[in-house]
Every structure is written in structure tokens, then in C-alpha cells.
S.K.: 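Submitted below is the structure of interest, expressed as C-alpha cells.
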Amino acid sequence: MESTTTHDVTNQPAPLAPYDASEDTALLEGLRREGAGWAEADVRRLGRVAGSAEAQEWAELANRHEPVLRTHDRYGHRVDEVEFHPSWHHLMRVAVTEGQAGAPWADARPGAHVARTAGGLAWGHTDAGHGCPTSMTYAAVPALRHQPELAKVYEPLLTAREYDPGLRVPTEKRGLLAGMGMTEKQGGSDIRTNTTTATPTAEPGVYTLRGHKWFTSAPMCDVFLVLAQAPEGLSCFLVPRVLPDGSRNAFRIQRLKDKLGNRSNASSEPEFDGTVAWLVGPEGRGVKTIIDMVNCTRLDCVMMSATLMRKTLVEAGHHARHRSAFGARLVDQPLMRNVLADLALESEAATTLTLRLAGAADRAVRGDEGEQAFRRIATAVGKYWVTKRGPAFTAEALECLGGNGYVEESGMPRHYREAPLLSIWEGSGNVNALDVLRALVKEPGTADALFAELALAQGADARLDAAVTGLRDRLASASETGARRLVEQMALTLQASLLVRHAPPAVADAFCATRLAGDWGHSFGTLPDSADLGAILGRALPETG
């Protein structure tokens, strides 16, 4: 009998989930290499949760049902609360419980910060938006330590593995989340132009704030680190949403931002008027106080970009493995293999650099001065370059799915919209490039630390050696106009040196041939014929069924 159906489904891949988001050789090798091999079982377990159908659905629902601002309750009382879909809370609960917020600061084990970063590289396969409050909470701890009496009260709660949502007196909760209120509409990254004022009260260390912040993410957090102009200049303050007596602090949310991506997360414009705040660090030293916070959030920008690359590569590889065209599976067709292998190189370089930066951060906080200098410059370099690569990478991965990748149901448009944020957050490309120049001038030990790292691969690859020599020459004539070119060369040389030391020859050779020696086109999928595509893909996309 002739079939009458018009919708037989063939040649479509099955859903990717469930899968193991930690099934990434570069991730696991880096975890062990950077001193956190003890966390591998936890990272693998978290990766399986991240790739589960349930967690993937949480991510989709949290972005479909966006946060809603409620300025007043039904009776007209000002409440300034943000409502979230239950899926957001599921994501947050797992993230905090698994140590993605402030927990590493309470963990004395060497490698604790590396373990958190590796967990983020796996858990980030769910939703990027909820990574904002966990990142800010993680970053708030070292800044808060500039005021020991405040750290004594709040740090145990910021490092707790308890997700306790809702606005209540902070010290009566089981765990806290921290946000930031740095930028204002007239200045953006130029925070020294801030006009929010801080007026001392009769109580030592207590001030009242008046002003309007432009981008304050995660307004449902319990406490915020805020910059304001005190009598002695720009200073850092701790602002709780609820005061010790149980009353609401003046934190009037004027609106939520209507953003390109990151839509599961609420970003707001709060207004301060008589807002009670506690001084963190000395008056007039606000920038110096928050610099440790910036180092942490910049590392997380690199991590989140690397995660986004890996997630979209896995999606593209899964599609190519299960979709056929012109008589063969896509993954077996030479040009698609070139595209996927090129993406795999970029992803591995980003992941490897992320974990090296995490290792430097871990050792820096434990007193290693050489790692501290390396971290200072390499984090800014990585933040500039890896986040810049994200949008082009996700666009190419989306294209691997063709029209199927262009529809919302695939999830790829959400990832594509997310990618540009990470280059903007914590300073756009120009800010980070200029920060590298500033470090080179004001902290000459940073350049020494970078070249000491590059020297570990000396003699292993002639193309890398030539790149290091070229980098030294470029440093001698560094200028603001050429800052982006300089930082790009730093990033590529650093990534190449890490791959030469730690990746298989096929990966290191292809990366050096293309990114350093110029045997490459202007888009992904232009690896030379000499590249061992099979070895690269076999490492990046193991058979998963």
C-alpha cells in the first residue's frame, strides 16, 4: 500500500543530550597538569549532569522565560525584586553547590581554583547567564579582604556551597551571592568619571550613596561591590540589599536591560538615594581595591568563551557525524573535516590557555610571585584574544548545521548571541589591549614572566622560536595604535607554546603552521593539506554514538 505520509523523518541527527560535557581530552589533561587532578571525578560527574537532557532543558527554559522586574507589590510598596523561572534556580543551585561561586577561597587544597575553572568548562555547556552571579561572587572575595572586618562577616557566606535565594538579612542566610555596580552611563569603562557620591555618616566606615549605575548585573544578589566618589576620591563600597535591621536598603531598579544575549540573567540600572554602604579598602583607592576582582572576572570571561567554543564544536560535530549529504556523512567529507578540525584547534588552544591561567591564579594567591606576574599580563592577553575569537567561532559552528542551526530550537542562535558579551564584559578589546601596554610599562616584570613561560618551549618548533623573536622586536616599538596587533601576537605565541609542550604533534604542528607561519586563509576551514585532520578530529570529537 502506498504511504500517504509527507513527514517521514530521515537524515536528521538524534538529540545530542544526554552526553558528557567533560569528555574533552584537552580539559582533563589541563586539569591534571595544573595541579587539580584530585578533582577529576567531580568534574566528570558535573559534566554528565551538564549534558543531561534535564539540565539542557533548564538552560533552554531559563532563556525562554526571561527574568521579570517587579518594582512594587500589589499594595504599592516598593520591592525592587526580579522574578526568575524555576529553571534558573535549578541551574544556580547546582552551580553554587558544585563550587562555581566563592567556594575555592575556602579550600586550602592546591589547585582549588583550577578545579573550579575546569568545572566551569563543563557546567558551562548549560547556560551562560547564570555564570554571571557565580563569577561575581567568586571575584568579590579577594576584593572584600581589603576590609578584614567585613570579610570576617561575609566571606564564610560567600564561600558557602548553599544557594539560598530571596532578599533577607545577609547574616541570617546560609549562603550569599555578590554583584557589582561599577559603570555609569557617562563613562562606561572609564570608571574614574563616576559621579555617584558617597557621604560619610557619623558611624565610622559607613556612608550613604547617591547616584545611578548603568550596568549592574544580577540585581537579585545579596550584596554588591560599588564604586562611588568619597571625599578622598573614587572608593569601593559594600552595599547590601537588606540592612541588618531587616529593612530594605535603597536599591531602586529603574529597568532591566534588553540585551542581545545573556537573557536568562538580569542586568539592571539601580538608583541609589540614601543607600547605606560600608567602605571597602581606603578612601580614594577604589580601583586598586577592585583589581583582584577584575583579574578573577576576566579569567571567567576566558573560561566562558572557551566553554562556548567547546559546546558549539560538540554540537557541530554531532550534527556532522549523523547527517549525510551528496552520498556521504558530513563528517567524512574533506571540506567539512577541514572546518571541524580548524575549529577543534581553536577550541583546544582556548581551553589549554584557560587552564594555564587558572593554574597561575591558583599559585598566585598562594604566594608565587612569578606566577602572579605571569597572571597579571597573560589574563589580560587571554581575555582580549579568546573572547575575540568567540563570535567568529560560534558563527562557523552554527553554519555547520546549515539552516537547522539558524532556528532557535537548535540552541545555536542563543550561543551566537552570547558570544560577543564576553569580549565586552570587564573591558572591551581596546581596554584590555591598553591594559597590557600599561602592565608592560608600569610592571616590567610581567614581560619577563611572559618570556620565561615562552622559553619553556624554546627549540621545540622553529616557527614558534621565530614568533618569539618577532614578539620581542614588536615589544621594542609598542604603541597604542598597534596595541591590538601586539596583544594578538602575544596570545597566539603563548597558545602555540602551550600546545607545543602539551598537545600531540598533529595539533601543535597544525596550529603553528596556520596561526604563526601564515599557512592559513581568512576563515575557518582553511588548514593546509599537510594538516593531520584525522588525528585532530579523533582527539577533539571522540565517538559518542
Side-chain angles (χ1 to χ4, degrees), residues 42 46 49-50 54-55 58-59 61-62 65 67-70 73 79-107 112 116 119-120 123 126-127 129-145 150-181 216-226 238-249 251 253 256 264-268 270 276-278 293 296-297 300:
D42 288 336
L46 186 56
V49 176
E54 183 179 39
W58 291 342
L61 290 173
H65 302 284
V68 176
L69 172 63
R70 292 178 59 240
D73 67 12
V79 293
D80 294 292
E81 294 185 354
V82 181
E83 294 179 347
F84 291 85
H85 189 270
S87 292
W88 166 272
H89 296 294
H90 294 323
L91 291 164
M92 286 295 300
R93 186 166 290 106
V94 173
V96 174
T97 301
E98 295 290 343
Q100 288 299 296
W105 300 104
D107 191 336
R116 174 189 176 270
W123 181 244
T126 56
D127 160 71
H130 79 290
C132 181
T134 57
S135 178
M136 292 188 298
T137 303
Y138 170 64
V141 173
L144 193 59
R145 288 177 175 177
L150 290 178
K152 183 179 180 180
V153 174
Y154 291 103
E155 185 172 329
L157 295 167
L158 291 168
T159 58
R161 292 178 181 243
E162 293 273 358
Y163 177 57
D164 190 3
L167 294 179
R168 303 193 302 282
V169 176
T171 54
E172 295 177 1
K173 299 184 70 175
R174 301 187 307 276
L176 300 179
L177 294 172
M180 287 189 265
T216 297
S217 281
M220 68 291 176
C221 288
D222 302 287
V223 296
F224 291 80
L225 289 179
V226 172
L238 181 74
V239 175
R241 286 294 313 267
V242 179
L243 295 172
D245 64 3
S247 63
R248 296 285 181 94
N249 206 357
F251 194 101
I253 303 174
L256 299 184
S264 68
N265 175 47
S267 298
S268 68
V276 181
W278 280 260
M293 190 175 196
C296 292
T297 47
D300 278 1

S.K.: Is any side-chain heavy atom of Leu167 closer than 4.5 Å to one of Glu81?
M.R.: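 Side chain of Glu81 against side chain of Leu167, heavy atoms only: contact under 4.5 Å found.
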S.K.: Please name the pair of heavy atoms, one in Ser87 and one in Ala62, separated by the smallest distance, quoted to 0.1 Å.
M.R.: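 Looks like CB-N, 4.0 Å.
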S.K.: Can you see which heavy atom on Gly99 is nearest to which on Ala103, and at what distance?
M.R.: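 Here Gly99 and Ala103 meet closest at CA-CB, 3.7 Å.
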S.K.: May I have the step-by-step check of side-chain hydrogen bond (donor to acceptor under 3.5 Å, both in side chains) for His130 and Trp123, ending in yes or no?
M.R.: CA-CA 11 Å; His130 79 290; Trp123 181 244; 2.7 Å; yes
S.K.: Taking the side chain as every heavy atom from C-beta outward, state whether Ser247 and Val242 have any atom pair closer than 4.5 Å.
M.R.: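 No - every pair of side-chain heavy atoms lies 4.5 Å or more apart.
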S.K.: Please state whether the rings of His65 and His85 are parallel, tilted or perpendicular, taking 30° and 60° as the class boundaries.
M.R.: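 Judged by the thresholds at 30° and 60°, the geometry between His65 and His85 is parallel.
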S.K.: Starting at CG of Leu177, measure out to CG of Leu157 and round the result to the nearest 0.5 Å.
M.R.: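 Going from CG on Leu177 over to CG on Leu157, the span is 11.0 Å.
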S.K.: I need the minimum non-hydrogen distance between Met136 and Met293, along with the two atoms involved.
M.R.: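 Reported closest heavy-atom pair: O-CE, 3.9 Å.
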S.K.: With a 4.5 Å limit on heavy-atom distance, are the side chains of Arg174 and Tyr163 in contact?
M.R.: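 Result no, sub-4.5 Å side-chain heavy-atom pair not found.
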S.K.: First locate atom OG of Ser268, then atom CG of Leu69, and finally report the distance between them rounded to the nearest 0.5 Å.
M.R.: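 It comes to 8.5 Å.
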S.K.: Take Met180 and Phe224 through the test side-chain contact (heavy atoms from CB on, under 4.5 Å) and record every step on the way to the result.
M.R.: CA-CA 5 Å; Met180 287 189 265; Phe224 291 80; 5.9 Å; no
S.K.: Under 3.5 Å, side chain of Asn249 to main-chain N/O of Val276, donor-acceptor pair present?
M.R.: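 Yes.
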S.K.: Any side-chain heavy-atom pair from Trp88 and Met220 closer than 4.5 angstrom?
M.R.: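 Touching, per the 4.5 Å side-chain cut-off.
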S.K.: Any side-chain heavy atom of His89 sitting closer than 4.5 Å to one from Met92?
M.R.: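 Not in contact.
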S.K.: Any side-chain heavy atom of Pro165 within less than 4.5 Å of one from Phe84?
M.R.: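 Side chain of Pro165 against side chain of Phe84, heavy atoms only: no contact under 4.5 Å found.
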S.K.: As an exercise, state the distance from CG of Leu144 to NZ of Lys152, rounded to the nearest 0.5 Å.
M.R.: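 The CG atom of Leu144 sits 13.5 Å away from the NZ atom of Lys152.
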S.K.: So which heavy atom on Val169 is nearest to which on Gly246, and how close?
M.R.: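 Nearest pair, atom of Val169 first, then Gly246: CG2-CA, 3.6 Å.
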S.K.: With a 4.5 Å heavy-atom cut-off, do Pro219 and Pro270 have their side chains touching?
M.R.: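 Heavy-atom side-chain distance check fails, nothing below 4.5 Å.
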S.K.: Which is it for Asp164 and Lys173 under the side-chain contact (heavy atoms from CB on, under 4.5 Å) test, yes or no, and what are the steps along the way?
M.R.: CA-CA 7 Å; Asp164 190 3; Lys173 299 184 70 175; 3.5 Å; yes
S.K.: Check the pair Val223 / Val239 against side-chain contact (heavy atoms from CB on, under 4.5 Å), numbers first and verdict last.
M.R.: CA-CA 5 Å; Val223 296; Val239 175; over 6 Å; no
S.K.: Taking NZ, NE, NH1 and NH2 as the nitrogens, is one of them in Asp80 or Arg248 under 4.0 Å from a carboxylate oxygen of the other?
M.R.: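 So Asp80 does not pair with Arg248 through a salt bridge.
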S.K.: Has Asp107 got a side-chain atom pairing as donor or acceptor with Ala112's backbone, closer than 3.5 angstrom?
M.R.: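 The answer is no, because no donor-acceptor pair under 3.5 Å joins these two groups.
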S.K.: Looking at Arg241 and Asp222, would you say the former's side chain and the latter's main chain have a donor-acceptor pair under 3.5 Å?
M.R.: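 Flag not set: sc Arg241 to bb Asp222 has no pair under 3.5 Å.
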S.K.: Please report the C-alpha distance between Val94 and Trp58 in whole Å, then the side-chain angles of each, then the deciding distance to 0.1 Å, and finally whether the side-chain contact (heavy atoms from CB on, under 4.5 Å) criterion is met.
M.R.: CA-CA 11 Å; Val94 173; Trp58 291 342; 3.9 Å; yes
S.K.: To the nearest 0.5 Å, how far apart are CG in Leu256 and OG1 in Thr216?
M.R.: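 It comes to 11.5 Å.
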S.K.: Between Ala178 and Leu158, which heavy-atom pair has the shortest distance, and what is it?
M.R.: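 What the structure gives for the nearest pair is CB-CD2, 4.0 Å.
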S.K.: If you look only at pairs with a residue in residues 135-144, which of them pass as a side-chain hydrogen bond (donor to acceptor under 3.5 Å, both in side chains), with sequence neighbours excluded?
M.R.: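 Listed once each, the pairs are His113-Tyr138, Ser135-Asp300.
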S.K.: Can you give me the closest heavy-atom contact between Arg161 and Thr97, atom names plus distance?
M.R.: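 In this case the closest contact between Arg161 and Thr97 is NH1-O, 3.2 Å.
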